[in-house]
Amino acid sequence: MPYTCRLFRAQRKRHGSMQEHYDPQHIEAEAQAHWQQNDSFRVVEDPQRDTYYCLSMFPYPSGKLHMGHVRNYTIGDVISRYQRMQGRNVLQPMGWDAFGLPAENAALQRGVPPAAWTRENIAAMRAQLKQLGFAYDWSREFATCDPEYYRWEQWLFTRLYEKGLVYRKTATVNWDPVDQTVLANEQVVDGRGWRSGAVVERREIPQWFLRITDYADELLQGLDQLNGWPDQVRAMQRNWIGRSEGVELEFALTEREERLTVYTTRPDTLFGVSYMGLAPEHPISRELAARNPELAGFIEECSHSGVAEATMATMEKRGMDTGLRAIHPLTGDSIPVWVANFVLMEYGSGAVMAVPAHDQRDWEFATRYGLPIQTVIATEDGSLPDVSEAAFSDTGLLVNSGIYDGLASAAAFDAIAADLENQGIGRRRVNYRLRDWGVSRQRYWGAPIPMVHCPDCGVVPVPDSDLPVVLPEDVAMDGSGSPLKKMPEWSRCACPRCGAEAERETDTFDTFMESSWYFARFACADSDQAMLDERANHWLPVDQYIGGIEHAILHLLYARFFHKLLRDEGLVQGDEPFQRLLTQGMVLKDGAKMSKSKGNTVDPQGLVERYGADTVRLFTMFAAPPEQSLEWSDSGVEGAFRFLKRLWALSHSHLQRPAPPAVDGDALDDGQRALRRKVHETIAKVSDDLGRRHTFNTGIAAVMELVNALYKGIEDDSDQGRAVLQEGLQAAVLLLAPIVPHACHRLWQELGHVTPVLDAAWPRVDESALVQDSLELVVQVNGKRRGQIQVAVDAERDVLEAAALEEPNVGRFIEGKTVRKVIVVPGRLINVVAN
RNA sequence: GCGGGUGUGGUGGAAUUGGUAGACACAUCAGACUUAAAAUCUGAAGGCUGAAUAGCCGUGCCGGUUCGAGUCCGGCCACCCGCACCA
């Protein structure tokens with residue numbers, strides 16, 4: 001071990017010279033100085049050792065740490081330190097998700113360029129992370145706004161363009177007509193721009209897309225292998241990808257050549273179609289509007305709303321008859337074609353067939369506009385469902401469906417699909433809800449999209465030799481769109497292909513791009529010849545990833561997608577980036593999410609100054625299991641502080657006494673044996689809680705119980721009494737070391753150890769200490785607890801039954817009744833069933 | 001609207017595979033120490049009944065399965081998260 005350094009020796013104190021009172025400021029400064037001077041957290045690739053890559057989601061540098069960060073990073077640090085004590089070579093890096101909207105807002109408010117604001121925040125937050133004692137390998141730190149980082153993202157994007165995985169098409173954005181700028185969904189409040197208050201409009205503009213749908217099936221299949229992920233997150237991703245099997249079919253139109261293509265998962269309800277719905281942006285809608293001012297007015301009205309899916313789904317369903325008719329492909333009936341505000345141009349073909357009897361949305365629309373509701377599915381028992389109050393969306397038996405009457409939905413699906421196929425107007429299709437990833441942002445503070453628009457050659461990717469396309473950092477923001485669009489000196493360039501005067505793309509990347517591959521870059525952060533090198537495969541996949549549940553879908557799906565892109569580029573080997581995932585819950589105060597607007601925030605900085613990092617870490621881990629939301633409590637913090645004082649005081653008292661001999665298991669009296677059993681039961685419990693379950697709160701509770709028991713044990717001043725106490729204190733310090741590393745660093749020294757606790761081995765359970773000869777069993781009568789009996793651990797079943805029936809209170813409850821059976825749950829209880 | 005979650009004492013939570021509901025802590029109360037307070041230490045405590053052994057009730061609500069349900073199933077209610085340009 002490289003740790004027998006000057007400082008460590010100088011700090012070592014003999015027993016008895018320990019400070020009586022717990023002084024976190026002093027202890028923490030000392031421990032942090034030790035770690036810094038010994039470069040304790042730097043990790044070097046070592047082919048001989050087991051690797052463990054523990055990654056917490058990197059923060060957006062918003063200014064200072066909030067409690068959510070503290071919680072996230074404490075969880076990661078506890079796991080990292082625990083794994084290190086297991087002997088693994090642990091990589092725990094940290095960096096900055098540095099591009100994004102808040103920097104632009106800050107620039108507007110304070111006139112500071114986003115780059116300067118971001119870098120100041122990074123410096124402040126880095127200092128805070130160090131103060132909290134997180135064991136990060138800072139030599140691998142980077143910020144995503146570093147050109148050395150995003151140049152590789154630009155490089156990959158041009159590769160993907162060559163492969164055909166990148167394309168351009170128009171997509172809808174929120175447009176603020178007053179500020180003349182594109183708004184994020186977050187910036188649209190009640191349908192209005194957050195700054196200007198103007199009613200937001202929808203606008204179609206050309207944007208860059210990544211073909212994530214090419215990977216939809218693999219992203220879906222891969223979820224089955226991700227056993228280390230919460231089922232909840234896998235379910236959310238599965239639903240997000242939304243694979244469905246259905247039929248794509250065409251409806252002919254009267255008076256028009258072209259056909260309307262729609263997709264349905266319920267071809268069995270085809271005979272119930274009573275109208276067609278067109279998106280307001282559909283080309284046919286637009287064309288008809290040109291000759292129909294009323295329709296044009298309606299479409300114009302539809303454009304006054306945001307683009308968020310929640311807005312679309314909750315808004316009032318409205319529509320207008322176009323006068324156009326469609327022909328039902330099987331019955332030949334003529335069906336009205338409506339423009340409907342809830343039909344989205346970006347999904348499928350921008351047109352739907354509506355079956356109001358069997359789809360709730362269609363039902364609501366039909367009811368509102370008096371359109372016919374034709375029942376075509378009967379329940380399994382053949383009775384007609386009541387569709388006067390709501391649609392009947394279950395499957396069942398077909399009725400009113402011509403030759404298909406009597407078929408079950410599944411059989412009708414096949415029959416109708418086959419018939420449509422034979423007629424050449426339909427085909428079975430697998431469809432995904434997942435849409436291609438739009439990566440363009442009309443913003444300044446992001447990585448420039450490395451494309452050039454040449455009047456002659458069209459779109460040309462920037463060649464490798466010209467990368468990175470560096471974002472100019474010294475800019476002024478004025479609130480009306482990206483400064484890049486007003487910087488001809490930056491955007492004007494020579495076409496890389498023909499040399500003619502051309503223009504750079506002024507859109508920047510979605511910041512999800514940077515966060516989709518940072519985990520791999522940490523393995524080789526200094527690589528300047530390639531995006532990734534062989535060290536990526538040394539460390540990947542991430543063994544444990546930790547972050548907020550709010551990232552369950554988008555970030556985690558994009559990162560999984562990117563990992564597959566990197567794999568297909570030959571840069572990494574595995575299929576999935578994150579082996580195990582822990583989704584931490586939110587930090588609440590007074591039952592609500594902490595936020596500046598509610599004024600219920602708690603600043604970690606003040607707490608660290610007052611109580612020390614260890615108390616903050618301890619409370620955060622104790623107050624709730626990591627996946628659940630955590631209710632902040634100032635008095636709970638006080639309690640955590642009190643526990644550390646108790647632990648310190650107990651150690652101090654113990655160390656005032658003569659040094660104990662080794663524990664001699666055979667020489668212990670009953671009390672000592674019981675206390676020692678508690679020590680080893682606690683080791684077993686905490687090992688499981690920290691290593692497998694990640695329920696840090698129950699692990700801490702177990703150590704608290706142990707410390708309470710040790711407090712009683714300190715009255716025993718015999719040799720073996722002191723020996724058991726020494727063993728118990730050592731166990732407590734080792735078990736707590738990942739959680740409260742500073743206090744344990746010092747206590748471990750005080751208990752007489754030279755190797756720092758950071759590198760101490762995790763304690764082992766002595767099975768012989770766990771042996772008991774008798775235990776208490778609960779006795780129930782008809783499932784209700786009526787008494788308990790003390791029995792030998794190896795007692796036979798008939799002995800247990802007899803003892804249970806003899807228990808006096810049990811006797812009272814079975815008196816006059818017949819015992820029907822006796823259920824024995826070994827080690828737990830006996831239930832006497834009597835009536 | 002759609003998708004995913006959560007709901008247990010005064011409070012945060014525990015109960016890991018269907019087997020003693022309330023571990024551990026906070027707050028409270030009592031005792032010790034103190035001139036006093038703070039700090040610290042020790043103890044009590046889900047509700048109701050009872051002198052007590054003990055009994056009845058009790059895990060959001062209604063119903064079910066089981067010898068036994070906080071845990072499983074069905075139906076509700078409330079709150080939280082996500083919904084593709086917040087990160």
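A, B, ... follow the sequence lines: proteins, then strands. Residue 1 opens every chain. Since we're looking at a predicted model, the values are computed, not measured.
Remark: P of B/A87 and CE of A/Met594 are 23 Å apart, rounded to the nearest angstrom. Here B/C41 presents its P atom at 16 Å from CH2 of A/Trp648, a figure rounded to the nearest Å. Per the geometry, CD belonging to A/Glu20 stands 18 Å off P belonging to B/A39, to the nearest Å. As a whole-Å value, the separation of A/Arg238 CZ from B/C2 P is 21 Å. At whole-Å resolution of the value, CG in A/Leu630 and C1' in B/G13 are 10 Å apart. As rounded to whole Å, 13 Å separates atom C1' of B/G12 from atom CD1 of A/Ile700.
Taking only side-chain atoms of A/Tyr558, from C-beta outward, the nucleotide of B/C24, B/C81, B/A84 with the closest atom is B/A84. Here the nucleotide nearest the side chain of A/Val825, chosen from B/G1, B/A25, B/G19, is B/G19. Which of B/C85, B/U16, B/C83 sits closest to the side chain of A/Arg693 comes down to B/U16. Of the candidates B/C24, B/C57, B/C85, the closest approach to any side-chain atom of A/Ala184 belongs to B/C85. Side-chain atoms of A/Arg642 lie closest to B/U40 of the nucleotides B/U40, B/C85, B/G13. The nucleotide whose nearest atom lies closest to any side-chain atom of A/Asp688 is, among B/A84, B/G13, B/U16, B/U16. Closest to the side chain of A/Glu550, from the set B/U40, B/C57, B/A87, is B/A87. Residue A/Ile549 has its side chain nearest to B/C81 when only B/G13, B/C81, B/C85 are considered. Taking the side chain of A/Leu554 as heavy atoms from C-beta on, and the options B/C85, B/C24, B/A87, the nearest nucleotide is B/A87. The side chain of A/Gln232 approaches B/G5 more closely than any other nucleotide in the set B/G3, B/A84, B/G5.
When heavy atoms are screened at a 4.0 angstrom cut-off, A/Ala308 is found touching the sugar-phosphate backbone but no base atom. At a threshold of 4.0 angstrom between heavy atoms, the contacts of A/Ala310 include nucleobase atoms, whether or not backbone atoms are also involved. Counting non-hydrogen atoms under 4.0 angstrom, A/Glu638 reaches nothing in the nucleic acid. Residue contacts for A/Trp240: at a heavy-atom cut-off of 4.0 Å it reaches a base atom on one of the strands shown. Among the heavy atoms of the strands, none lies under 4.0 Å from A/Leu557. Within 4.0 Å (heavy atoms only), A/Arg435 reaches at least one base atom of the nucleic acid. Residue contacts for A/Arg786: at a heavy-atom cut-off of 4.0 Å it reaches the sugar-phosphate backbone alone, with no base atom in range. At the heavy-atom level, A/Met586 lies under 4.0 Å from the strands shown only through sugar-phosphate atoms. Residue contacts for A/His555: at a heavy-atom cut-off of 4.0 Å it reaches no nucleic acid atom on any strand shown. Within 4.0 Å of A/Arg646, counting heavy atoms only, lie sugar-phosphate atoms of the nucleic acid but no base atom. Here A/Phe643 lies out of heavy-atom contact (under 4.0 Å) with every strand. Backbone-only contact: A/Gly438 has heavy atoms under 4.0 Å from sugar-phosphate atoms and none from a base. Contact annotation for A/Phe512: base contact, defined as any heavy-atom pair under 4.0 Å involving a base atom. At a threshold of 4.0 angstrom between heavy atoms, the contacts of A/Ser440 include nucleobase atoms, whether or not backbone atoms are also involved.
The pair A/Asp176-A/Arg203 does not meet the salt-bridge criterion, since no charged nitrogen lies less than 4.0 angstrom from a carboxylate oxygen. A salt bridge is defined here as a Lys NZ or Arg NE, NH1 or NH2 lying under 4.0 Å from an Asp or Glu carboxylate O, and A/Arg642 with A/Glu638 fails to meet this definition. Ion pair A/Glu505/A/Arg168 flagged as a salt bridge, since at least one NZ, NE, NH1 or NH2 atom sits closer than 4.0 Å to an Asp/Glu carboxylate oxygen.
Ring centroids of A/Trp229 and A/Tyr545 are separated by 6.0 Å or more, keeping the two rings apart. For A/Phe342 and A/Phe365, the ring centers sit closer than 6.0 Å to each other.
Distances shown here put a side-chain N or O of A/Lys645 below 4.0 Å from the OP1 or OP2 atom of B/U40. At the phosphate of B/A14, neither OP1 nor OP2 sits under 4.0 Å from any side-chain N or O atom of A/Thr698. For B/C83, neither phosphate oxygen OP1 nor OP2 lies less than 4.0 angstrom from any side-chain nitrogen or oxygen of A/Asn185.
Side-chain N/O atoms of A/Lys685 and base N/O atoms of B/U16 include a donor-acceptor pair closer than 3.5 Å. For A/Arg828 against B/U20, no side-chain N or O and base N or O form a donor-acceptor pair under 3.5 Å. In terms of polar N and O atoms assigned as donor or acceptor, the side chain of A/Gln207 comes within less than 3.5 Å of the base of B/C85 in a complementary pairing.
Counted within 6.0 Å of CZ on A/Arg234, heavy atoms from surrounding residues, nucleotides or ligands total more than 12; the atom is thus considered enclosed. Residue-environment remark: CD (A/Glu389) stays at or below the threshold of 12 foreign heavy atoms within 6.0 Å.
Where A/Asn697 and A/Glu186 each meet RNA chain B at their nearest nucleotide, the meeting point lying more 5' is that of A/Asn697. Residue-to-nucleotide proximity on RNA chain B shows that, of A/Val439 and A/Thr314, the 5′-proximal contact is made by A/Thr314.
Applying ring-ring contact (aromatic ring centres under 6.0 Å, His included) to A/Phe99 and the options A/Phe509, A/Tyr150, A/Tyr518, A/Tyr60 leaves one that passes, A/Tyr150.
At a non-hydrogen distance threshold of 4.0 Å, A/Asn809, A/Arg812, A/Phe813 from residues 807-814 of chain A come into contact with RNA chain B.
Listed by chain and residue number, A/Tyr167, A/Thr213 satisfy the side chain to side chain donor-acceptor pair (under 3.5 Å) test with A/Asp436 (two or more places apart in sequence, or in another chain). A search for side-chain contact (heavy atoms from CB on, under 4.5 Å) contacts involving A/Asp214 returns A/Leu165, A/Arg211, not counting sequence neighbours.
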Between A/Val173 and A/Gln207, is a side chain to side chain contact (heavy atoms under 4.5 Å, CB included) present by the stated rule, with each step listed? CA-CA 10 Å; A/Val173 294; A/Gln207 312 226 49; 3.3 Å; yes
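In terms of heavy-atom proximity, A/Ile739 sits nearest to A/Arg617 at O-NE, 2.9 Å. Of all the heavy atoms in A/Arg433 and A/Asn239, the pair that sits closest is NE-O, 3.5 Å. Pairing each heavy atom of A/Arg266 with each of A/Ser393, the nearest pair is NH1-O, 3.0 Å. Of all non-hydrogen atoms in A/Val779 and A/Ile789, the two that sit nearest each other are CG2-CG1, 4.0 Å.
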What side-chain donor-acceptor pairs closer than 3.5 Å can you find for residues 62-69 of chain A, not counting sequence neighbours?
from    : atom 1 : to      : atom 2 : distance (Å)
A/His66 : ND1    : A/Gly68 : N      : 3.0
A/His66 : ND1    : A/His69 : N      : 3.3
A/His66 : NE2    : A/His69 : NE2    : 3.4
A/His69 : ND1    : A/His66 : N      : 3.1

Identify all pairs in which a protein N or O lies below 3.5 Å from an N or O of nucleotides 63-67 of chain B, and state each distance.
from  : atom 1 : to       : atom 2 : distance (Å)
B/C67 : O2     : A/Asn831 : ND2    : 2.4

Per-residue pairing states of RNA chain B in dot-bracket (Watson-Crick or G-U under 3.5 Å; . unpaired, | other strand) read (((((((..(((......[....))).(((((.......))))).((((....))))..(((((..]....))))))))))))....
